[in-house]
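Throughout, protein chains are lettered first and strands after them, A, B, ... in sequence-line order, and every chain is numbered starting at 1.
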Amino acid sequence: MTLPIQTVVPEVKAALAQHPLVVLQAPPGAGKSTALPLDLLHEEWLAGQSIIMLQPRRVAARAVAARLAEGLGEAVGETVGSRVRFESRVSDRTRLEVVTEGILTRRLQRDPELSGVGLVILDEFHERSLNADLALALLREVQGALRDDLRVLVMSATLDPDLPARLGAPLVESAGRAYPVDVRYLPTDPTGRVEDAVVAAVRRALDTDEGDILAFLPGVREIRGAAAQLAGVDAAVLPLYGDLPLAEQRRALMPDPGGRRKVVLATSIAETSLTIQGVRVVVDGGQSRRQQFDPATGLTRMVTGRVTQDAATQRAGRAGRTAPGVCYRLWSERTQALLPAAQPPELLMADLAPLTLELAGWGTTDPADLPWLDAPPPTRIDTARTLLRSLDALDDAGRITPAGTRLLDFPTHPRLAHLLSEADDAALAADVAALLEERDPLPPGSGADLSERVDALRGWRAGGRTRGEVAVLERVERLSKQWRRLLKVQPDNAPPDPYALGELLALAYPERVALARESVAGLHKGRFLLAGGQGAALPEGDALAGARALAVAHLNMTGAEGRIFLAAPLNPAWLAARATWQDAVRWDARTGTLLAQQELRLGALALDTRPLREVPADLKVKAIADAVRAEGLHLLTFSPAASAFRARVQSLREWRGEEWPDLSDAALLATLEDWLGSGLERVRTRDDLARLDLLPALQSLLPWNLTRELDELAPTHLSVPSGSRVRLEYRPGEAPILAVKLQELFGLADTPTVNGGRTPVLLHLLSPAGRPVQVTQDLRSFWNSSYFEVRKDLRGRYPKHPWPDDPWTHEPTRWTKRRAEK
DNA sequence: CTCTCCCT
């Protein structure tokens, strides 16, 4: 029986002969992983060099290598080899090496030219794993700079019409091989529990359909709930998820030994990684749970969301592997159209500290320089750099340090690599690093103390009593053994010093060393402040609650306060030895006073305080300036004279340009230290602030050569015909107001001006009692017309004041008629 | 009741 891929093999060969980068799209069952690579081994352009094929999972890498070797009638390790973590099966004869993605990254670090390799195949590229994206970026850089003969074949199981164009690569398409699957939509209440809906659909399928049933749920909790509800049905109900011991996984994958129908309740592990025999019905609950990195806390957390279209297609396809099948989707056809097409690439969601360190080791200080398909977000890179600097792995320019280069020798997260490379007790470091990487071997509710886990591991390894889950302990021990080999140290089964555990954790999580908050009566102890500034609490009644200081390994930030799941006590003296005395000068907004002391600080933690005898002036000025910026300019009092000065200068800035300083609220706030600095040195309280005389400080902002121009162009007062000097009211952006009794202006034709004659004032003409009767900028037309109406209204009310028939010739006066006659 | 999946 020929495989669909075989019809396009000549096309793939021709494309690779001419292009360094080729995209192959082929659905599941085409044979692209298990047949095609063997056909490429003897191509002329390969020049006798070997092929590396990447797989995202270890199980898949081993299985694919086995199928390929079988195709040649050989065993793995001859022409076809495989290499995954903990297991290498290659020989001198190996020409095709199936490896997991991280292996290639390591190999590129050691040998950037990838000597002896002519072709790299990236399988399952549609998954867009972080390591696949990194591998592609590095390989394209190698092609451009070092190896123009190196070829890359990108293989994808789903159709992405943009991919070839975005890579500038030709596309080869192949058909797949699958039986038809009848997709039926069964909308359910989206506010209900997903396990209830799945259980109902499974019961229905047991009645109406034939064959085994595979149901998708978001996680272990929902799987357990559904399994409990299905306990009575006439079928074998089997859970399937990644953390399940291997024997139980096998029970879900194999036909039921008793010949009963199977109902497999699975997480997304059954989408691609594992194939279940005999499935004819898929029930898709429509949810999936994924990890998301939160740069604000440096933590990854689990997020449950809607399934994506490409994942739903994969899930449905599981019903058609061996015969025609049915897929029940527990949502509506309308919802289906609204689902996102695919998950974002892992690179955009993940913790980028490992990637950033790899790239620094590669010599790339700015990851943006690589030819990415989707570039890693710069803010995430910044977060990663901050962490890596705190681990002494990068310098301020983003270059890798000698200590950082040592971290790359440990194939694990840089945090754990730092723990391993800097620890005094290497045997303990190996155990702790392994425990931190694996799932908790102890059951839920076992408390947060790391030493309980170390005891469990060491007790089990010494052959004493066993606490915890053996399958997990075995995985932990396998990791620990790898670290012991690298560190050249023998295992140690003695009980460790608890403080030594805390110090190890502090190497990996420096921002999570924590100090107990002062306990408030009635509230439970065990609340801590982390050096990173976040608050976190131990579970109620935890044995660690009495500790003064902790090093926290695992926590979850749900609300304002995090929950601590794994930690070790820390000697407060150890913290103090790493802290530094710092002058702390702060404005206390509550009391409105300046607080000045010295604090023994480590990040957000203050371990001790002592009085500060002499307060450095610059710190004081900055603290008060920050307080004014936080609370607002109203903390200061602008006297009428100071306000008038600001208004005059601001008016001139509007009229004459930016040679006049900016005295707006925003500008004054931004430059507080400059113009008010020396004044702030004497301030201790909010009242001191309010009493500051701002006028001299504001005047200092005006260049000396403009002080005379200020008085000429924007005088404070104008003289009027009566002889009075009348105050002007300046309003930036508008004409200044001259408010004056109209009798004082008799005979004046032209409206007075400021700004060197360019800006007429706005006259507020007042009654003898000082009430405005007319607002005008045209005095001449006032005397000629409206004056007479005003006169008619007011003559009777103010008979002692002059109201002449001819305002042009009457003597201007500020007095009544009798006083004027005297 | 933190915990989908995976990797050096």
Side-chain angles (χ1 to χ4, degrees), chain A residues 54-61 83-88 99-110 124 127-135 194 216-225 239-244 266-274 285 287-292 294 297 299-308 311 314 343 346-347 349-351 353-355 357-358 361 407-414 416-417 420 433 436-446 448 472 475 479 482-483 486 536 539 552-559 562-566:
Chain A
L54 298 196
Q55 289 291 332
R57 280 168 289 281
R58 294 203 284 247
V59 267
R83 215 193 278 263
V84 299
R85 191 182 196 184
F86 301 121
E87 184 188 287
S88 170
V99 307
T100 34
E101 289 159 349
I103 300 269
L104 179 78
T105 315
R106 295 256 63 80
R107 179 156 176 178
L108 279 166
Q109 289 285 14
R110 285 201 310 273
E124 314 282 13
E127 292 185 17
R128 296 297 304 276
S129 73
L130 186 149
N131 281 318
D133 270 16
L134 174 61
V194 62
F216 285 96
L217 289 149
V220 175
R221 188 179 59 231
E222 292 83 357
I223 286 176
R224 294 216 176 108
L240 179 62
Y241 48 88
D243 275 337
L244 207 62
T267 61
S268 51
I269 193 173
E271 265 167 36
T272 53
S273 306
L274 303 173
Q287 295 185 359
S288 72
R289 196 163 285 149
R290 287 180 50 119
Q291 207 172 51
Q292 207 170 326
D294 178 4
T297 58
L299 299 173
T300 50
R301 61 195 165 133
M302 306 304 301
V303 178
T304 308
R306 278 259 164 85
V307 70
T308 53
Q314 290 276 4
Q343 290 290 351
E346 190 186 0
L347 188 73
M349 311 296 288
D351 171 12
L355 175 120
L357 183 64
E358 288 287 354
L407 299 193
L408 286 174
D409 292 338
F410 298 93
T412 185
H413 192 283
L416 301 182
L420 288 162
L436 292 176
E437 194 164 337
E438 263 298 340
R439 197 160 65 83
D440 190 353
L442 298 187
S446 300
V472 179
R475 294 206 296 261
L479 274 168
Q482 185 186 17
W483 302 140
L486 275 166
V552 177
H554 294 171
L555 78 160
N556 185 11
M557 296 298 294
T558 40
R563 282 174 54 86
I564 299 171
F565 297 108
L566 192 62

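Between the CD atom of A/E127 and the C1' atom of B/dC6 there is a distance of 9 Å, rounded to whole Å. As rounded to whole Å, 10 Å separates atom P of B/dT4 from atom CZ of A/R439. When rounded to the nearest whole Å, the span between CZ of A/F86 and C1' of B/dC6 equals 13 Å. Atom pair A/R106:CZ and B/dC7:P shows a separation of 16 Å (rounding to whole Å applied). Rounded to an integer number of Å, the gap from A/E222 CD to B/dT2 C1' is 13 Å. Computed from coordinates, the A/L240 CG to B/dT4 P distance equals 13 Å when rounded to whole Å. Atom CD of A/Q343 and atom P of B/dC6 are 15 Å apart (whole Å). With rounding to whole Å, A/F410 atom CZ is found 22 Å from B/dC7 atom P.
A/E101 comes within 4.0 angstrom of nothing in the nucleic acid, heavy atoms only. At the heavy-atom level, A/P56 lies under 4.0 Å from the strands shown only through sugar-phosphate atoms.
Nearest to the side chain of A/V220, among B/dT8, B/dC5, B/dT4, sits B/dT4. The listed nucleotides are B/dT8, B/dC5, B/dT4; the one nearest the side chain of A/M302 is B/dT4. Ranking B/dC3, B/dT8, B/dT4 by closeness to the A/T267 side chain, first place goes to B/dT4. Here the side chain of A/N556 is nearest to one of B/dT8, B/dT2, B/dC5, namely B/dT2. With B/dT8, B/dT2, B/dC6 as the choices, the nucleotide that has an atom nearest any side-chain atom of A/I269 turns out to be B/dC6. Closest to the A/I103 side chain, of the nucleotides B/dT8, B/dT2, B/dC3, is B/dT8.
An aromatic stacking contact links A/F565 with the base of B/dT2, defined here by ring centres under 5.5 Å apart and ring planes under 30° from parallel.
Positionally, the nearest nucleotide of DNA chain B for A/P444 lies more toward the 5' end than for the other of A/G219 and A/P444. Comparing A/P411 and A/R224, the nucleotide of DNA chain B nearest to each residue sits closer to the 5' end for A/R224.
Donor-acceptor pairing under 3.5 Å, judged by distance alone, is absent between the side chain of A/R289 and the base of B/dT4.
Between A/R563 and B/dT2 there is a side-chain N or O to OP1 or OP2 distance below 4.0 Å. Applying the 4.0 Å criterion to OP1 and OP2 of B/dC3, one finds that A/R221 has a side-chain N or O inside that range. For A/R58, a side-chain nitrogen or oxygen approaches OP1 or OP2 of B/dT8 to under 4.0 Å. Considering only side-chain N and O atoms, A/T100 lies under 4.0 angstrom from the phosphate OP1 or OP2 of B/dT8.
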Could you go through the side chain to side chain contact (heavy atoms under 4.5 Å, CB included) check for A/R106 and A/E358 one step at a time? CA-CA 9 Å; A/R106 295 256 63 80; A/E358 288 287 354; 3.0 Å; yes
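For the side chain to side chain donor-acceptor pair (under 3.5 Å) test, no residue two or more places apart in sequence or in another chain qualifies with A/S288. A search for side chain to side chain contact (heavy atoms under 4.5 Å, CB included) contacts involving A/A266 returns A/L214, A/L240, A/V264, A/A270, not counting sequence neighbours.
A donor-acceptor contact shorter than 3.5 Å is absent between the side chain of A/T100 and the backbone of A/I103.
Smallest separation of non-hydrogen atoms from A/A536 and A/L555: CB-CD1, 3.9 Å.
Between the CG atom in A/D440 and the NE2 atom in A/H554 there is a gap of 9.0 Å [rounded to 0.5 Å].
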